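Single-structure report; data block below.
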Amino acid sequence: MLTLKQITDNTDDVIRRLAKKHFDGKKLIEQVIEINSKRKNTQSVLDANLAELNNISKTIGALMKDGKKDEAEAARAKVADMKEGNKQLEADMKEAEEMLITILCTIPNLPHESVPEGKHAEDNVVEKTGGKMPDLGADALPHWELAKKYDLIDFELGVKITGAGFPVYKGKGARLQRALINFFLDNAREAGYLEIQPPYVVNTASGYGTGQLPDKEGQMYHANLDDLYLIPTAEVPVTNIYRDVILDKKELPIKNTAYSACFRREAGSYGKDVRGLNRLHQFDKVEIVRIDTPEHSYESLTEMVDYVQTLVEKLELPWHILRLCGGDMSFTSAITFDFEVFSAAQKRWLEVSSVSNFESYQANRLKCRYRNEDKKTELCHTLNGSALALPRIVAALLENNQTPEGIRIPKALIPYTGFDIID
RNA sequence: GGUGAGAUGGGUGAGUGGCUGAAACCAACAGUUUGCUAAACUGUCGUACGGGUAACUGUACCGGGGGUUCGAAUCCCCCUUUCACCGCCA
């Protein structure tokens, strides 16, 4: 969520920037300012009352010792009176604080100045393109048919065991998954990321910390009995490592990477877009997460984007990077670059990575801070990105590398798969 | 799952209901001394939200939430969690 300081110091600027996300924040911002000033006034009165109360309480002890019972009784009565009045003030404070958080949670992050205007995915700007488009014949098969032909992935079996969107990988299909995970983790480690193996279920506090709760509750699987959520991405447990933490500036930037299975309910989307591996309820992903200072976070963002580029290049996939427009960006992001790879038989671009800087928006909720040179605590910036999500990479690898002899494995991956062709 | 003992600042750890936002030690930081290092000495050393240009100052917080009391780190209740032993178990 945005900080009160951001809102009170640069009110007009905040409203203007929210408009880029097609969010009309004028009323809410005004409301925040009003409630906040009320909160301050209430606190001033309440603090003064409490100070007096504390003083009187101290004198009661002394009076009792001196045997001045009457005076002590009088003071006691007065205190009882004041406490009644404070109850209302305390309730007001609590209400104001809760209201502020509730409203702040409904206001999205401010887009960075460099975010392009636009409403939909079509308005995203192609930032960079690379790789070679494969030249497939007219009889090229989509990945779900290749998966069947070579017995790599069994979608129907997943339906039997669990339901749609939970595929079963078999043989070289399963080994390809394992190879990609290791390939991504090894690359991340070589790029300086610390490997983390986090829990796949998290509590509600963590859900709030990274902003899945309260609004996106329906997107996570929930274990009712224990009130725990299956993670939709490793970002959730890994970023929550730094919840309620004050870091030393020397530790920044923190660079973590984690593989996890990801679970997404994604209710209500069916059809061609979700065919095969295009959209799943359970999938594998290696995530990179950074915690950084505000001064350095955009440099970190560039490094992360460049790093992801090396991955798609090593996999020899045709790729491009999109700078997302204001309307297509996520609620919590200040700037997002999407990586898409071209899936040649489907003839469509598939999103395989999303690299974002959340600036202090997420850190504010997490209370993730660092101590600056003046020993003052300041909110960190948080960033994360997929590096990479497996299913669509697999889809593109299968489709783009199909030959009459079989499916060729890119050179960089062969040491991990242990085979160079799927036939 | 059962029983018992715990949870205090970055760490260790003290704390008869008022003199405790919290001893002491360690770590850290700044300085003095010193040819360098070390040692010694001096000082600083939790967070949040208010007030104040500032020095400073008010309030809240001793795992979390309630309660008792004029007053709670301290007493009571609930929850979480750690450790030990028992039970179960890959």
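Being a predicted model, the structure only gives us computed values, none of them experimental. Within every chain, numbering begins at 1; the chains are lettered A, B, ... in the order of the sequence lines, protein sequences first and strands thereafter.
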Mind calculating the distance between [atom1] ([X]) and [atom2] ([N]) to the nearest angstrom?
X	N	atom1	atom2	result
A/K376	B/A48	NZ	P	10 Å
A/L53	B/C70	CG	P	11 Å
A/L100	B/C49	CG	C1'	12 Å
A/I101	B/C49	CD1	C1'	12 Å
A/M82	B/G71	CE	P	12 Å
A/M93	B/G50	CE	P	9 Å
A/E90	B/G50	CD	P	17 Å
A/N203	B/U81	CG	C1'	12 Å

Under a 4.0 Å threshold between the charged nitrogen and the carboxylate oxygen, would [Y] count as salt-bridged to [X]?
X	Y	value
A/E97	A/K38	no
A/K249	A/E295	yes
A/E84	A/K87	yes
A/K26	A/E30	yes
A/R39	A/E34	no

What pairs of residues pass the ring-ring contact (aromatic ring centres under 6.0 Å, His included) test when at least one of them lies in [range], not counting sequence neighbours?
range	answer
residues 152-173 of chain A	A/F166-A/H281
residues 350-388 of chain A	none
residues 204-253 of chain A	A/H222-A/Y229

| Got a sec, which pairs hit side chain to side chain donor-acceptor pair (under 3.5 Å) with one end in residues 413-423 of chain A, sequence neighbours left out? |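 Only A/D186-A/Y416 qualify under side chain to side chain donor-acceptor pair (under 3.5 Å).
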
With rounding to the closest Å, how many angstrom separate the [atom1] atoms on [N] and [M]?
N	M	atom1	result
B/U74	B/A23	C1'	16 Å
B/G50	B/C45	C1'	24 Å
B/C26	B/G21	P	25 Å
B/C25	B/A73	P	24 Å
B/G2	B/G15	C1'	33 Å
B/C19	B/C62	P	15 Å
B/A60	B/G65	C1'	16 Å
B/A72	B/G18	P	11 Å

Under 3.5 Å between N/O atoms: give me all the protein pairs with nucleotides 28-30 of chain B, atom names plus distance.
{"unit_1": "B/C29", "atom_1": "O2'", "unit_2": "A/K375", "atom_2": "NZ", "d": "3.4"}

[X]: partners by salt bridge (charged side-chain N to carboxylate O under 4.0 Å, His left out), with sequence neighbours left out:
X	value
A/E73	A/R76
A/R290	A/E303
A/E190	none
A/D9	A/K5

| said: Is A/R369 close enough to B/A48 that one of its side-chain N or O atoms is under 4.0 Å from OP1 or OP2 there? | reply: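 Looking at the OP1 and OP2 atoms of B/A48, one of them is under 4.0 Å from a side-chain N or O of A/R369.
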
| A/R39 side chain N/O closer than 4.0 Å to the phosphate oxygens (OP1, OP2) of B/G50? |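 So the side-chain polar atoms of A/R39 do come within 4.0 Å of the phosphate oxygens OP1 or OP2 of B/G50, strictly under.
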
| message | Reading RNA chain B from 5' onward, which residue's closest nucleotide shows up sooner: A/K83 or A/R371? | response |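 The answer here is A/R371.
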
| request: Summarise how protein sits on nucleotides 59-67 of chain B as a single string, 5' to 3': B when a protein heavy atom is under 4.0 Å from the base, S for sugar-phosphate-only contact, - for no contact. | output: SS-------

| task | Measure from NZ or CZ of A/K172 to the centre of the six-membered ring of A/Y150 and say whether it is under 6.0 Å with the direction within 45° of the ring axis. | result |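 A/K172 over A/Y150 ring: no.
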
At a cut-off of 3.5 Å, list every protein nitrogen or oxygen paired with a nitrogen or oxygen from nucleotides 17-19 of chain B, distance to 0.1 Å.
{"unit_1": "B/G18", "atom_1": "N2", "unit_2": "A/S57", "atom_2": "O", "d": "2.5"}

| said: Only Watson-Crick and G-U wobble pairs with both distances less than 3.5 Å should count. Give RNA chain B in dot-bracket notation, marking inter-strand partners with |. | reply: ((((((((.[[[..)..(.....]]].(((((.......))))).((((((....)))))).[[[[[..)....]]]]])))))))....

| task | Nearest 0.5 Å please: distance from the CD1 atom of A/I291 over to the CG atom of A/L366. | result |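 The CG atom of A/L366 is 7.5 Å from CD1 of A/I291, to the nearest 0.5 Å.
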
